[in-house]
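Everything on this sheet refers to the single structure shown next.
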Protein chains: 2
Amino acid sequence: MNALLTSSQRQLVRVISTSGPLSRTEMAQMLGLSKAAMSGIARELIDLGVLHETETVYGQGRPSVRLDLHPECAFFVGISLLEDPAPMILSDLNGRIIARRAMPLSRDPNVIADAITESLPDLLKAHPDAKEKLSGIGVALSGFVDETQSNCVQSTLLNWQDVPLARIIRERSGIDTFIENDAKAVAVSEKLFGSAREIQNFSVVSLGDGIGCAHFIDGKLYRGNHGGAGEIAHCTIEPGGAPCRCGKRGCLDTVSSMKAIKEVSRAEGLECTSLSDIEHEASTGNAAAIRILHRAGSALGLAIANLIQMNDPGMILITHVEGSFDGLFGTVVNQAIETNVLPRYAGQTPIRIKRVDGDVWARGAASIAAHNFLIGPNSN
Amino acid sequence: MNALLTSSQRQLVRVISTSGPLSRTEMAQMLGLSKAAMSGIARELIDLGVLHETETVYGQGRPSVRLDLHPECAFFVGISLLEDPAPMILSDLNGRIIARRAMPLSRDPNVIADAITESLPDLLKAHPDAKEKLSGIGVALSGFVDETQSNCVQSTLLNWQDVPLARIIRERSGIDTFIENDAKAVAVSEKLFGSAREIQNFSVVSLGDGIGCAHFIDGKLYRGNHGGAGEIAHCTIEPGGAPCRCGKRGCLDTVSSMKAIKEVSRAEGLECTSLSDIEHEASTGNAAAIRILHRAGSALGLAIANLIQMNDPGMILITHVEGSFDGLFGTVVNQAIETNVLPRYAGQTPIRIKRVDGDVWARGAASIAAHNFLIGPNSN
DNA sequence: GACACTAAGTTCAGAAAATGAACAAATCAA
DNA sequence: TTGATTTGTTCATTTTCTGAACTTAGTGTC
C-alpha cells in the first residue's frame, strides 16, 4: 500500500510524521508547493485513509484545519529477541500497544521466523482491522545490523554472523520485515513516538546489563560506516583498567553496566542482587557500595560528557530498566557530566532520564517497521 | 547565477559535485529520472557553461560520455583569519589555487570587510574570467559559527561575540559571503576537493597550536545543536589533570596540542621550539622528551579511538602543520588508537595523515563558498 | 568488412504534476 | 453588518517528466 503512494504523497506523510499535525497551508510552505497542489495531495491521502482532519485552529481569518496521520491506517508488529520468552506486540501508527503476546526465543533464525508466523494469527485475533492493515514486522536484537535493516552482521548474544533474518521472516510470513539493534530501535521509537519527536540531534544511552547507545543526527538514525556508531560501551574510560570481554581494557562496560556493578559488588562481598540494593547499602553509609556507585557513575558521566563534546546533541536520553536515577548513582552521573563538559555548554544539553518497562524493546522493534512505512528505507 | 537554476538542474549539479563525473544515464538512475528528462537538463547545463563533457567510457554498446562540472564556471575567494597577514586565495571550482595575496589582519569586522573589498581587484587583476564569474567569498576563523554560516557566535582569538561578519562583507563587497570555523572549513574542502570526496562519514582532526575537529555525517557537515560538534579538544582525557583555559581540567588540549607540548617541554627544561626539536631529542634518548611525546600521543590516540567508537567514521584525517608523523609522536598516536578501539574494528577505520601548508585555511575558506554554490546553504 | 548486438543518448507526442489567479468559506474585529 | 483576513478549492495554463521509437557509436563474430 505504501508503494502505491506518489512521491509527493510520501513527502507529505514524512513531514507530518516528523513535525506532527499541520494545516494544508503550513505543509505547502514546508514542501515548497503551492496551496493548489497541496489541496489535491491532501484529499488523495484523506481518501486513502492515511490522513484525517483533527483540530481546528482559530486565529485571524479562516481557521486552519490540522491534518494528522490516521493512527489506524497501518499496524505493526514488534518483537524483542532480548528476552526469553520473546515479547511480541501489535501497535498502531501512534505507537500505542494494542495487543501483546510472547513466543519462545531461539537461536535458529528459521525457528524464530516460524514462531513469529505461527504467533501472528493469535496476536491479530481480536483485531480484524489490524490484520487487514498489517504493514510491517520489526525485530530488535542485540548485535550489529547492516544499513538495509535486513541482515544481522554479528550478534554475540545470539551467536550469529551474517544472518539475513529479515529476509527469512519476510519469506515465511509474507510481511515486510526489518530488524534493528536494540538501542537504535529505542532511539527510533523515541523519535517517532516519544520525547524526541521534535529534536533533530539526540543520543539515547540505554543502561541495562550492557550499555547501548544510538545517535540521531539531522533527524536520521546514524549507524556509522560499519554499523558501529554508538558503541559507547567500549570507549576506554579507565586506561589500563580491568579486561573487558571485548579484548581490550578499561571499557565503560566493565565499570558502569548493571552487570559490572553487580559483579564488582559481589567481588567486594556485598550481598546485593540489584541496583536498588546497592543504592540502599550506600545510603546507609556502606563505604564499598558508595565507592562502587561513585566509580560507575563518574565513568558513565565522563563518557556522556565526551559524547556531548564530540557531537553536541540537542538531548541525551538515558533509559534504564533497573533501579532509579534518584539515588547516588544518578547524582554522580549528572555531576560527572557537568564537570566534564565545556563550562560554556554546561547545562545546555538536556539530560532526560526515562525508566522503561519490559515493552521498550518490542515497542522499539515495532517503531522500526513504522519508520520504514512512514519514512521509507533509504530516506530519499 | 546559481539562483537561476531549476531544482532539477541544482540536483544534478549536486550529484556530480558529490559523486564526480557521471554519464547522463547514470545520473538519470541516481536521480530517479528518465533518460529523456536527463537529456534535456544536461543540455541546458552544458549550454549554461556549468557542465562539460569529459572522458568517453567504452564498454559494450554505445560508449558513455561523462559529464563534469566545468572548473571555470565559477570562482571563489577564500580568506583565513588565523594568521597575520591573512592569506587570501582565488580558486576555481576544482579547488585549484589561481592567485594568492595577503591582507592585514584586524579584529574589527568593518576593517576586515574593507580590507577584503580593497584587495579583491588586485587578486582578480590577471584573471578577467574569474572577475566576471566570482561566485562567493569564504572566510575561515577560529571560533563558533552558526548554521547560517553568517554569524560568528563566539571567537576567543578575535574576541568576538555574535558578529555578523558574512553580512558585513556581503554588504561591502556585493558578493555572496559565508564564514566557517577553521576545522569545519578544512573538512568541507577535503570533502569537495580532497581525499574524502567519496566518503560519506569522516572526521578531520586538525593538529596545530590548538586541536580542531569536524565531522561529516551522511555526506553533510554536522555542526551539532549549538555549533559545538567536534569540540574534541575539550574532551576530558586525564580526569583531574591540569587546568585548561576553558575552565575545566584534563582536556585533550592541555596535553596534545602543539602549544601544550611546547609548554610542557619548556617547563621540563627542554630547549625546544618546535615539535621536530622535541622529536629529535627523543630520538637521542632524552627521557623527558620521550615522556612528553608519549603522553601527548597516547592522549590524542585515546581521544581519536573514542571518536571512532562513538561515531564509527569511514575515515579519520589528521592534518598537521608542524613536524611530521613519522616520529615517536605519530607512532604512539597510531598505537593508542589501535589499543583503544574494539578489536573487532581495529584497523577498519583508515587513519590518514596529511601535512598541510599555509594555504589550508584559505583553501578551506574558499571551499565554503564553493560548497554554498554547489550544494546550497540548506542542502534541501 | 558485413553483420548482429548492445547500450547511450535524442526526439517528440502525450501524460502527469505544479502553478497562478480568482474565488468560496470561515472566522474576527469594529 | 461590514470589512479584513486567512484557509482552502477550483480550473485553465504551464512546466516537467515519461514512454516508446529512434539514432548513434561503439564491440564482437564470422
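All heavy atoms count here, side chains included; hydrogens, waters and symmetry mates do not. Protein chains get the first letters and strands the later ones, always in sequence-line order, with residue 1 at the start of each.
Distances shown here put a side-chain N or O of B:S23 below 4.0 Å from the OP1 or OP2 atom of C:dG9. Listed pair B:S8 / D:dC17 meets the phosphate criterion, a side-chain N or O lying under 4.0 Å from OP1 or OP2. At C:dA18, none of the side-chain N or O atoms of A:S34 fall inside 4.0 Å of OP1 or OP2 (strictly under the cut-off).
Along DNA chain C, the nucleotide nearest to B:E53 and the one nearest to A:A37 differ in position, and the one closer to the 5' end is contacted by B:E53.
Between A:L67 atom CG and D:dG8 atom P there is a gap of 7 Å when expressed in whole angstrom units. The distance from atom CZ of A:R43 to atom C1' of D:dT10 is 9 Å, rounded to the nearest whole Å. Atom pair A:M27:CE and D:dG8:P shows a separation of 8 Å (rounding to whole Å applied). As rounded to whole Å, 12 Å separates atom P of C:dT10 from atom CD of B:E44. For B:Q29 and C:dG9, the CD to P distance is 11 Å, given to the nearest whole Å. As rounded to whole Å, 15 Å separates atom P of D:dG26 from atom CD of B:E55. Atom CE of B:M38 and atom P of C:dT11 are 14 Å apart (whole Å).
Closest approach to the B:I41 side chain among C:dC12, D:dC17, D:dT10 is made by D:dC17 (side chain taken as heavy atoms from C-beta onward). Side chain of B:T25, nearest nucleotide from D:dT10, C:dT10, C:dA8: C:dA8. Out of D:dC17, D:dG19, C:dG20, the shortest distance to the side chain of B:L33 is found at D:dC17.
For the contact set between residues 57-66 of chain B and DNA chain C, defined by any heavy atom under 4.0 Å, the members are B:Q60, B:G61, B:R62, B:P63, B:S64, B:V65.
For the pair B:R170 and B:F178, the cation-pi criterion (under 6.0 Å, within 45° of the ring axis) is fulfilled.
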